[in-house]
Amino acid sequence: QVQLVESGGGLVQAGDSLRLSCAASGRTFGNYAMGWFRQAPGKEREFVAVINRIGSNTNYPDSVKGRFTISRDNAKNTVYLQMNSLKPEETAVYYCAAAFSSQIPTITSRYNYWGQGTQVTVSS
């Protein structure tokens with residue numbers, strides 16, 4: 001069992017930066033690929049970033065590539081999402097998720113555990 005708790009969300013202006021954190025419980029954090037997803041009202045949950053177990057490989061959709069950076073600290077059981085140059089259309093609830101996988105999955109069904117989400121609101 002892995003419990004995930006996100007933090008760091010808030011209200012920012014367009015062009016600002018924000019750093020999200022996700023703290024994981026348990027001693028098996030290093031066995032999981034970690035991903036970030038987001039969901040806006042009335043829309044499906046979409047992939048934002050993923051990092052492999054040891055932090056050596058990442059993947060992003062084109063919409064955030066070059067602006068968002070995912071990282072992890074296995075000693076602290078924490079994964080981060082640095083978001084720069086935020087846009088109003090990126091307003092959403094951001095979720096952290098854990099996948100028991102050696103790969104870097106990008107679809108929700110590959111993830112075993114989810115956090116409760118943190119709200120990010122970007123004003124224009």
Side-chain angles (χ1 to χ4, degrees):
Q1 187 80 9
V2 176
Q3 292 185 325
L4 305 172
V5 179
E6 302 97 333
S7 62
L11 173 63
V12 297
Q13 293 187 332
D16 284 351
S17 298
L18 207 57
R19 188 195 196 201
L20 305 183
S21 299
C22 173
S25 65
R27 295 176 293 178
T28 60
F29 180 69
N31 290 341
Y32 292 84
M34 298 300 297
W36 286 96
F37 292 77
R38 64 189 179 192
Q39 187 167 20
K43 295 188 176 181
E44 292 188 355
R45 194 167 297 189
E46 66 170 345
F47 165 68
V48 174
V50 61
I51 190 166
N52 70 344
R53 290 171 170 175
I54 61 173
S56 61
N57 195 13
T58 59
N59 192 17
Y60 308 89
D62 289 343
S63 59
V64 308
K65 198 170 293 184
R67 297 187 298 118
F68 288 15
T69 303
I70 188 171
S71 60
R72 67 188 295 162
D73 185 338
N74 284 356
K76 295 182 178 180
N77 282 12
T78 303
V79 62
Y80 306 96
L81 182 68
Q82 177 67 42
M83 305 185 293
N84 298 330
S85 301
L86 281 162
K87 305 174 182 179
E89 56 265 37
E90 294 180 312
T91 294
V93 177
Y94 283 70
Y95 296 91
C96 167
F100 189 71
S101 173
S102 61
Q103 300 174 340
I104 45 173
T106 62
I107 58 176
T108 58
S109 60
R110 295 287 306 278
Y111 285 80
N112 306 99
Y113 301 101
W114 293 84
Q116 82 289 348
T118 185
Q119 177 70 45
V120 172
T121 302
V122 185
S123 64
S124 57

Can you name the nearest heavy-atom pair linking [X] to [Y], along with the distance?
X	Y	value
Gln82	Ser17	NE2-CB, 3.8 Å
Tyr80	Ser21	CD2-OG, 3.4 Å
Ile70	Thr58	CG2-CG2, 3.6 Å
Pro105	Arg110	CB-CB, 3.5 Å

Using only atom types and a distance under 3.5 Å, with no angle test, would you say the side chain of [X] pairs donor to acceptor with the backbone of [Y]?
X	Y	result
Gln39	Ala92	no
Asn74	Arg53	yes
Thr78	Lys76	yes
Arg72	Gly55	no

Can [Y] be reached from [X] by stepping across I, L, V, M, F, W or Y side chains whose heavy atoms are under 4.5 Å apart?
X	Y	value
Leu86	Tyr60	yes
Leu4	Val79	yes
Ile104	Val48	no
Val64	Phe47	no

Could you give the distance from [atom1] ([X]) to [atom2] ([Y]), rounded to the nearest 0.5 Å?
X	Y	atom1	atom2	answer
Met83	Asp16	CE	CG	11.0 Å
Phe29	Cys22	CZ	SG	7.0 Å
Asn84	Thr69	CG	OG1	6.5 Å
Thr106	Glu46	OG1	CD	12.0 Å
Phe100	Tyr111	CZ	OH	14.5 Å
Leu18	Glu90	CG	CD	11.0 Å

With a sphere of 6.0 Å drawn around NZ of Lys65, does it hold more than 12 non-hydrogen atoms of other residues, nucleotides or ligands?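 Above 12, so yes.
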Give a yes or no on this: more than 12 heavy atoms of other residues, nucleotides or ligands lie within 6.0 Å of atom CD of Gln13.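 No, not enclosed.
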Could you point out which residue of Tyr94, Trp36, Phe37 forms a ring pair (Phe, Tyr, Trp, His ring centres under 6.0 Å) with Trp114?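 Passing option: Phe37.
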Going through the checks in order, is the side-chain contact (heavy atoms from CB on, under 4.5 Å) test met by Thr91 and Gln119? CA-CA 8 Å; Thr91 294; Gln119 177 70 45; 3.9 Å; yes
Are side-chain heavy atoms of [X] and [Y] found at a separation under 4.5 Å?
X	Y	value
Tyr32	Ile51	no
Leu81	Arg38	no
Ile54	Asn52	yes

Apply side-chain contact (heavy atoms from CB on, under 4.5 Å) to the pair Met34 and Val2, showing each step before the final yes or no. CA-CA 12 Å; Met34 298 300 297; Val2 176; over 6 Å; no
Decide side-chain contact (heavy atoms from CB on, under 4.5 Å) for Leu20 and Phe68; before the verdict, give the C-alpha distance in whole Å, the side-chain angles of both, and the deciding distance to 0.1 Å. CA-CA 11 Å; Leu20 305 183; Phe68 288 15; over 6 Å; no
